[in-house]
Amino acid sequence: MMMDLTDSGKQRLETSIIAGTLVVLAVAIRFWCKISLKSGIHSEDWWILAAVPIYLGAVADDIWSKLESLSTSTAIPYCQYVKGVFNGISGQDSKQVITTLLQNPSPELILALENYLKALYIGFVLDLFLPTFIRISICLLYQQIFATPSFRIGSIIMIGLSVAWFISAFVVGIVYCIPLDKFWHPFKDVRCLNFNLFHLLIGIFETVIDIAILVLPVRATFNLQMPMKTKLLVAGIFFLGGVGVITNILRLYSIYRPGEQYVLFPESVFWTHIHGLISVLCANLPVYKPLRGMVARFFSVIQTNFGSFRWS
């Protein structure tokens with residue numbers, strides 16, 4: 001039987017399950033709202049939908065090992081390979097495992113460390129897709145709300161920057177080590193890029209792009225003659241987007257370790273899921289009109305009933 005999870009491992013497992021569930025629910029509500037309004041399914045909806053299975057793949061990268069950790073050593077070979085971040089090291093960080101391994105080498109601990117770093121790499125690659133797809137979806141939605149040539153050009157530029165960010169991060173991730181398996185075989189005598197610094201740099205560029213997309217509609221919102229509801233809607237997007245930027249900054253601050261080769265992965269998993277969840281909510285908020293109407297009617301009924309009860 002595998003070791004029990006540490007408190008950090010349990011926190012990451014719970015965060016993965018909750019965030020994955022809420023992301024699926026948020027996108028499902030989005031499509032329900034679109035169908036209810038009979039407004040049609042557009043390209044921005046398909047981009048959000050495409051992000052869901054990829055994000056669930058990242059969640060599975062975290063959760064699968066928890067299921068595997070409850071199994072015995074008779075598990076099938078494939079399960080032995082895809083153990084993820086919880087298996088073997090029970091939620092510890094890579095530095096702790098490497099230190100223990102140097103003091104007391106064992107085949108089991110070596111395998112646990114390899115699984116840990118494989119999961120780190122797989123999760124890193126999958127986590128590139130979600131923010132890119134969300135940015136594209138938001139920019140496409142902006143084009144429908146603000147149908148001006150200048151704003152359309154601005155949103156296209158933001159899409160281009162997002163795609164460029166994705167391609168550069170993905171390509172560098174593929175050639176990070178040559179051969180690539182050096183990433184999960186840290187004792188191999190092969191040089192690699194500093195993953196810790198690489199993760200910090202792409203996170204900084206990601207934050208800059210997020211801020212640019214966030215402020216893109218501000219001027220148009222207050223310059224154009226728009227209904228107050230639309231302005232409040234954009235303000236809501238701005239607020240949630242601002243929270244998303246803050247969580248990304250907190251993620252970078254929490255996981256970066258000066259002078260180290262790897263990021264602080266337990267913190268990375270937690271903040272990556274929080275950031276991804278808030279980004280999904282931000283992208284879906286504009287199409288929740290039927291839901292907002294239901295909530296308004298609900299509170300209206302509560303207010304009416306409460307008033308009747310108070311004066312009876």
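Note that the coordinates shown come from a computational prediction; the quantities given were computed from them, not determined experimentally.
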Do L252 and W271 make a side-chain contact, defined as non-hydrogen atoms from C-beta onward lying under 4.5 Å apart? no
Search all heavy atoms of C139 against all heavy atoms of I159 and return the closest pair with its distance. CB-CG1, 3.5 Å
Does any N or O in the side chain of Y288 come within less than 3.5 Å of the main-chain N or O of A26, such that one atom is a donor and the other an acceptor? yes
Under 3.5 Å, which donor-acceptor pairs link side chains of residues 274-284 to any protein atom two or more places apart or in another chain?
unit_1 : atom_1 : unit_2 : atom_2 : d
H275   : ND1    : G244   : O      : 2.9
H275   : ND1    : T247   : OG1    : 3.3
S279   : OG     : H275   : O      : 2.8
N284   : OD1    : R30    : NH1    : 2.9
N284   : ND2    : V280   : O      : 2.9

Joint cluster assignment, F195 & I204, ILVMFWY side-chain distance < 4.5 Å: no
Going from OG1 on T21 to CG on L56, what distance comes out if it is rounded to the nearest 0.5 angstrom? 8.5 Å
Sequence neighbours excluded, the answer for side chain to side chain contact (heavy atoms under 4.5 Å, CB included) partners of S39 is K34, L37
Residue pair H199 / I202: nearest heavy atoms and the distance that separates them: O-CG1, 3.3 Å
Consider only side-chain heavy atoms of I, L, V, M, F, W and Y, link residues closer than 4.5 Å, and tell whether L201 and I167 are in one cluster. no
Between R135 and W165, is NZ or CZ placed under 6.0 angstrom from the six-membered ring centre and within 45° of the ring axis? yes
In one Ile/Leu/Val/Met/Phe/Trp/Tyr side-chain cluster, 4.5 Å: V163, V208: no
Does some side-chain heavy atom of S155 sit less than 4.5 Å from a side-chain heavy atom of L140? no
For I174 and L180: C-alpha separation, side-chain torsions, deciding distance, then whether side-chain contact (heavy atoms from CB on, under 4.5 Å) applies. CA-CA 7 Å; I174 292 176; L180 183 58; 5.5 Å; no
Side-chain touch T207/I211, heavy atoms, less than 4.5 angstrom: yes
Are V215 and V245 joined in one hydrophobic group, where the rule is that I, L, V, M, F, W and Y side chains link up if heavy atoms are under 4.5 Å apart? yes
How far does CD of E206 sit from CG of N248, to the nearest 0.5 angstrom? 4.5 Å
Show your reasoning for whether side-chain contact (heavy atoms from CB on, under 4.5 Å) applies to I29 and C33. CA-CA 6 Å; I29 293 175; C33 289; 4.0 Å; yes
With rounding to the nearest 0.5 angstrom, report the CZ to CD1 distance, R251 to I246. 14.5 Å
Once rounded to the nearest 0.5 Å, what's the spacing between atom CD1 of I213 and atom CG of L161? 8.0 Å
Is the side chain of Y176 donor-acceptor paired with the backbone N or O of L193 at a distance under 3.5 Å, no angle test? yes
Measuring from atom CG of L200 to atom OH of Y253, what distance do you get when rounded to the nearest 0.5 angstrom? 13.0 Å
Considering only distance and modelled atom types, tabulate donor-acceptor pairs under 3.5 Å from the side chains of residues 121-134, sequence neighbours left out.
unit_1 : atom_1 : unit_2 : atom_2 : d
Y121   : OH     : G173   : O      : 3.0
T132   : OG1    : L128   : O      : 2.9

Here the pair of heavy atoms bringing S162 nearest to I209 is OG-CG2, 3.7 Å
Taking atom types as modelled, is there a side-chain donor on E44 or Q143 under 3.5 Å from an acceptor on the other? no
Minimum-distance pair of heavy atoms, taken over all atoms of V172 and F198: CG1-CE1, 3.4 Å
Following the transitive rule for hydrophobic clusters with a side-chain heavy-atom cut-off under 4.5 Å over Ile, Leu, Val, Met, Phe, Trp and Tyr, establish whether I35 and L25 coincide in one cluster. no
Start with the C-alpha distance between D45 and L49, add both sets of side-chain angles, then the distance that settles side-chain contact (heavy atoms from CB on, under 4.5 Å), and finish with yes or no. CA-CA 6 Å; D45 304 309; L49 183 62; over 6 Å; no
Give the C-alpha distance, both sets of side-chain angles, the deciding distance and a yes or no for ring pair (Phe, Tyr, Trp, His ring centres under 6.0 Å) between H273 and Y55. CA-CA 9 Å; H273 283 306; Y55 179 74; 5.6 Å; yes
Would you say that more than 12 heavy atoms from the other residues, nucleotides or ligands in this model lie under 6.0 Å from the CZ of F31, or not? yes
